[in-house]
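Notes follow the structure.
The chains referred to below are lettered A, B, ... by the order of the sequence lines, with proteins before strands, and numbering in each begins at 1.
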There are 2 protein chains.
Amino acid sequence: MPQRSAREDLVEAGSRVFLSKGFHAASVNDIVANAGVPKGSFYNHFESKDALALEVVKRYVASYDLSPLRAEEGSPLARLRASFASTVERTVARGVENGCLLGTFSSDFGTYGDEVREYVATALAHWGKAVADCLVAAKKAGELPAQIDPRTFGAYLVDAYEGAVARAKVSHRREPLDAFLATTFDVLLPTKAEKRRR
Amino acid sequence: MPQRSAREDLVEAGSRVFLSKGFHAASVNDIVANAGVPKGSFYNHFESKDALALEVVKRYVASYDLSPLRAEEGSPLARLRASFASTVERTVARGVENGCLLGTFSSDFGTYGDEVREYVATALAHWGKAVADCLVAAKKAGELPAQIDPRTFGAYLVDAYEGAVARAKVSHRREPLDAFLATTFDVLLPTKAEKRRR
């Protein structure tokens with residue numbers, strides 16, 4: 001069996017500890033203890049806690065596959081709903097009190113450090129753009145209510161999702177996430193099939 | 001001139017420091033330095049940094065007047081828009097990189113400490129309820145699109161706002177806040193006067 005590297009253990013421990021405690025409350029001691037590696041080895045692999053946070057958030061973003069949003073088959077709105085529903089289930093499986101790393105780091109890095117902050121801002125913009133591209137396809141398919149501009153509504157939905165995650169985190173309840181899905185997809189963006197059922 | 005109390009100085013300094021740095025990155029040293037009071041005096045007034053955070057977030061919540069949302073004159077949707085627009089302007093005036101204390105504390109207290117966490121969860125619920133009450137009035141006034149359930153849409157709009165604040169905080173731009181107002185009130189909830197202009 002290949003031996004796992006200490007660097008990999010630190011990235012995985014960092015993922016767990018940053019999600020649970022946020023950036024500032026997580027100490028290098030917490031992270032090395034969680035990784036089961038000696039403290040001295042941390043700085044062999046990462047220049048700083050910030051450098052680890054950047055690696056962790058890059059892995060986090062890469063673990064979310066946005067390509068279904070740009071697939072070319074089926075109903076774009078059904079694909080969008082499935083994408084958000086799968087994101088909700090991952091959040092619930094991790095424990096809603098841990099929230100979303102992009103939301104947590106948006107709060108932690110607003111006035112601290114530019115490299116992680118800019119990465120998170122860009123990741124949120126990319127996500128909003130992918131949602132917008134899916135809404136453009138929905139418009140072409142005749143699925144989008146006429147008044148909705150697909151370009152601006154992509155970022156709006158990501159904001160509504162991140163706000164729901166923050167409320168789930170602080171209330172320790174999944175209800176805000178389920179309400180996000182129901183209101184977004186049953187009320188604001190019903191597919192033709194759903195409209196017929198009304 | 002009456003002398004300001006050290007306690008009051010600590011609450012005001014706590015408000016500034018927690019908004020800017022969040023809870024965990026703000027030290028008692030930061031707060032006493034910002035207040036210009038000796039460190040020893042902190043614990044004469046507050047048992048802990050958590051106790052100060054609770055007082056600070058209570059003041060923060062009390063500083064937002066939700067009563068216009070329940071006023072009985074004029075267009076409910078116009079009152080709702082004015083309320084969110086005024087909240088946006090306060091956020092911008094403080095500096096968008098400081099975000100909203102409820103959003104920041106939602107992130108900071110998700111897995112840390114129950115008293116502040118429960119207070120913030122309740123404050124967000126109260127805000128969502130006040131928005132919902134205004135939407136109920138809008139429905140009675142014939143202003144609400146038929147498919148929108150005013151009860152659930154109150155919390156949805158608060159989530160969308162908090163998500164926009166988080167994105168403004170991490171991107172150092174006010175655009176997400178302006179986009180929140182435009183999409184919410186020009187697209188999702190246009191007043192009759194706005195619909196006629198289309």
Side-chain angles (χ1 to χ4, degrees), chain A residues 19-26 95-99 102-112 116-118 120-122 124-125 128 145 147-149 152-153 155-173 175-176 179-180 182-184 186-188 190 198, chain B residues 19-26 95-99 102-112 116-118 120-122 124-125 128 145 147-149 152-153 155-173 175-176 179-180 182-184 186-188 190 198:
Chain A
L19 258 171
S20 161
K21 304 183 100 176
F23 180 78
H24 296 291
V96 290
E97 71 280 7
N98 295 308
L102 294 181
T104 299
F105 277 8
S106 289
S107 182
D108 291 339
F109 286 88
T111 57
Y112 172 84
V116 175
R117 184 181 71 70
E118 284 168 9
V120 171
T122 302
L124 287 170
Q147 74 276 17
I148 288 182
D149 170 13
T152 53
F153 208 57
Y156 191 91
L157 289 185
V158 169
D159 290 348
Y161 175 76
E162 287 292 338
V165 171
R167 197 157 56 86
K169 182 175 170 68
V170 77
S171 66
H172 288 191
R173 292 159 61 236
E175 180 275 330
F180 164 79
T183 295
T184 301
D186 295 340
V187 177
L188 300 180
R198 276 186 191 159
Chain B
L19 259 171
S20 161
K21 303 183 102 175
F23 180 77
H24 296 291
V96 290
E97 70 281 6
N98 295 307
L102 294 181
T104 299
F105 277 8
S106 290
S107 183
D108 291 340
F109 286 88
T111 57
Y112 172 84
V116 174
R117 184 181 72 69
E118 284 169 9
V120 171
T122 302
L124 286 170
Q147 75 276 19
I148 288 183
D149 170 12
T152 54
F153 209 56
Y156 190 91
L157 289 184
V158 169
D159 290 348
Y161 174 76
E162 287 293 338
V165 171
R167 197 157 57 87
K169 183 175 170 68
V170 76
S171 67
H172 288 189
R173 295 157 61 235
E175 181 275 330
F180 164 80
T183 295
T184 302
D186 295 341
V187 176
L188 301 180
R198 276 187 191 157

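Looking only at heavy-atom pairs under 4.5 Å with chain A, the residue among B/Gly99, B/Gly103, B/Ala164, B/Ala125 that has the most is B/Ala164. Between chain B and the residues A/Lys169, A/Glu162, A/Lys21, A/Glu118, the most heavy-atom pairs under 4.5 angstrom are made by A/Lys169. With chain B as the partner, the residue from A/Ala155, A/Pro176, A/Ala179 showing the most heavy-atom pairs under 4.5 Å is A/Ala155. In terms of heavy-atom pairs under 4.5 angstrom with chain B, the leader among A/Ala121, A/Ser171, A/Ser107, A/Ala182 is A/Ser107.
The two residues B/Phe105 and A/Val170 make their nearest non-hydrogen contact at O-CG2, 4.5 Å. Closest approach of B/His24 and A/His24 over heavy atoms only: CB-CB, 3.9 Å. Closest approach of B/Asp159 and A/Arg167 over heavy atoms only: OD1-NE, 2.7 Å.
Using a 4.5 Å cut-off between heavy atoms, B/Thr184 touches chain A through backbone and side chain atoms alike. Only the side chain of A/Leu124 comes within contact range of chain B, with at least one heavy atom under 4.5 Å from a heavy atom of that chain. Looking at A/Leu102, neither its backbone nor its side chain comes within 4.5 Å of chain B, counting heavy atoms on both sides. Both the backbone and the side chain of B/Phe180 come within contact range of chain A, judged by heavy atoms closer than 4.5 Å.
Side-chain contact check for B/Arg117 versus A/His172: some heavy-atom pair is nearer than 4.5 Å. Inter-residue side-chain proximity for A/Phe153 and B/Val187 is flagged as unmet; no heavy-atom pair is nearer than 4.5 Å. Proximity of A/Thr183 to B/Ile148: side-chain heavy atoms (C-beta onward) are nowhere separated by under 4.5 Å.
B/Thr111 contributes a side-chain N or O that, together with a main-chain N or O of A/Ser20, makes up a donor-acceptor pair within less than 3.5 Å.
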